[in-house]
Amino acid sequence: MDDWCFSFSMIGAMIRLFKVKEKQRELAENANGGVPIKKQSAGELRLHKDISELNLPKSCTMTFPNGKDDLMSFEVSIRPDEGYYLGGTFLFSFQVSPIYPHEAPKVKCKTKVYHPNIDLEGNVCLNILREDWKPVLNINTIIYGLYHLFTEPNYEDPLNHDAAAVLRDNPKMFESNVRRAMTGGYVGQSFFPRCI
């Protein structure tokens, strides 16, 4: 009998606590001009932590085109300081799921680029964005991975098979094609806008 009394009193206390919390939320909304306060998802909380701990290379910048209130959508600009893509600027969009970090962000290259690991539609072939993604990885890891694609393009895991074959078989021609594409010109049947 005492156990039941304890349980009912606990339930009563919990109900009173929920009512107090609801009242606090209403007061906060009224203080905010009636605008409801948005509760952050676990993904937003983790992303906020990742962004606060970023340690980007000097050649990378992050922007929030929709404003700082939308952390789940941002852009990263990468300007390689070595390798075939030296001097180019490449823009990537990131869309982060509310279940991040349990799902990798969706990353697209917005700059048309002649690259073995980036196709002409902007899809990126980076293993940590696919099968090697683990929740312990973070935004910093992805940005360094993207940066590494420009300093060490990988012809063994291509999305652009033509670029991969040229890199593998004729690195000098690959370098020439990259320069032509970056200065605004045709490589094969594809036109590349200037990115230098």
Side-chain angles (χ1 to χ4, degrees), residues 14 17-18 20-113 115 117-119 121-154 157 159 182 195-196:
M14 289 173 59
L17 180 63
F18 287 133
V20 168
K21 289 288 188 190
E22 179 65 21
K23 188 67 172 170
Q24 288 174 339
R25 189 185 63 76
E26 285 175 19
L27 289 171
E29 283 180 10
N30 289 337
N32 236 7
V35 177
I37 298 171
K38 182 181 168 230
K39 185 176 179 181
Q40 289 187 316
S41 69
E44 287 173 307
L45 293 171
R46 167 64 190 273
L47 183 59
H48 190 274
K49 177 183 179 291
D50 284 3
I51 290 170
S52 70
E53 295 174 353
L54 275 178
N55 184 17
L56 295 177
K58 290 179 292 203
S59 57
C60 298
T61 58
M62 178 184 276
T63 57
F64 297 88
N66 301 332
K68 288 278 188 181
D69 290 338
D70 183 8
L71 291 182
M72 305 304 270
S73 176
F74 57 92
E75 295 177 343
V76 172
S77 177
I78 297 177
R79 189 171 174 83
D81 52 11
E82 61 180 277
Y84 295 113
Y85 299 91
L86 174 70
T89 301
F90 306 95
L91 187 64
F92 291 86
S93 66
F94 283 63
Q95 293 296 320
V96 183
S97 162
I99 63 168
Y100 174 78
H102 300 287
E103 179 180 287
K106 305 290 183 235
V107 178
K108 291 278 253 185
C109 185
K110 295 177 76 171
T111 308
K112 191 171 181 181
V113 59
H115 195 291
N117 309 111
I118 303 170
D119 69 18
E121 286 77 45
N123 298 307
V124 179
C125 183
L126 185 62
N127 62 338
I128 61 172
L129 291 175
R130 299 176 307 162
E131 71 275 0
D132 289 345
W133 177 257
K134 291 174 182 44
V136 297
L137 299 176
N138 58 31
I139 298 300
N140 208 56
T141 308
I142 296 169
I143 294 170
Y144 271 92
L146 293 170
Y147 180 81
H148 185 71
L149 285 181
F150 288 102
T151 58
E152 297 288 329
N154 179 6
D157 190 18
L159 278 180
M182 286 175 42
C195 68
I196 280 188

Parallel, tilted or perpendicular for F74 and F94, by the 30°/60° rule?
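F74 vs F94 ring planes: parallel.
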
Which heavy-atom pair separates [X] from [Y] by the least distance, and what is that distance?
{"X": "P135", "Y": "H102", "value": "CG-ND1, 3.8 Å"}
{"X": "P65", "Y": "E75", "value": "CG-CD, 3.6 Å"}
{"X": "P98", "Y": "S41", "value": "O-OG, 3.8 Å"}

Say you draw a straight line from [atom1] of [X] to [atom2] of [Y]; how long is it, rounded to the nearest 0.5 Å?
{"X": "F90", "Y": "M182", "atom1": "CZ", "atom2": "CE", "answer": "4.5 Å"}
{"X": "Q40", "Y": "L47", "atom1": "CD", "atom2": "CG", "answer": "9.5 Å"}
{"X": "N123", "Y": "L159", "atom1": "CG", "atom2": "CG", "answer": "6.5 Å"}
{"X": "F150", "Y": "C109", "atom1": "CZ", "atom2": "SG", "answer": "5.0 Å"}
{"X": "I143", "Y": "H148", "atom1": "CD1", "atom2": "NE2", "answer": "16.0 Å"}
{"X": "E103", "Y": "L129", "atom1": "CD", "atom2": "CG", "answer": "11.5 Å"}

Taking the six-membered ring for Trp, is the centroid-to-centroid distance between Y85 and H115 below 6.0 Å?
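Aromatic pair counts; centres sit under 6.0 Å.
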
With a 4.5 Å heavy-atom cut-off, do [X] and [Y] have their side chains touching?
{"X": "N140", "Y": "L56", "answer": "yes"}
{"X": "H48", "Y": "L71", "answer": "yes"}
{"X": "K108", "Y": "V124", "answer": "no"}
{"X": "R130", "Y": "C125", "answer": "yes"}
{"X": "I139", "Y": "L54", "answer": "yes"}
{"X": "T89", "Y": "C195", "answer": "no"}
{"X": "I142", "Y": "P105", "answer": "yes"}
{"X": "M72", "Y": "D70", "answer": "yes"}

Let me know which of V113, L126, T111 forms a side chain to side chain contact (heavy atoms under 4.5 Å, CB included) with I118.
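Passing option: V113.
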
Would you mind listing every salt bridge (Lys or Arg N to Asp or Glu O under 4.0 Å) that reaches into residues 52-67, with sequence neighbours excluded?
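Listed once each, the pairs are K49-E53.
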
Output yes when a side-chain donor or acceptor of R79 lies under 3.5 Å from a complementary backbone atom of G87, and no otherwise.
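Side chain of R79 to backbone of G87: a pair is present.
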
Main-chain N/O of N154 paired with N117 side-chain donor or acceptor, under 3.5 Å:
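Side chain of N117 to backbone of N154: a pair is present.
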
Only counting residues at least two apart or in another chain, list the ones meeting salt bridge (Lys or Arg N to Asp or Glu O under 4.0 Å) with D50.
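With neighbours one apart ignored, the set is R46.
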
Show your working on side chain to side chain contact (heavy atoms under 4.5 Å, CB included) between T141 and W133 and close with a plain yes or no.
CA-CA 10 Å; T141 308; W133 177 257; over 6 Å; no

Using only heavy-atom distances, determine whether the side chains of Y144 and N55 contain a donor-acceptor pair under 3.5 Å.
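There is no such pair between these side chains.
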
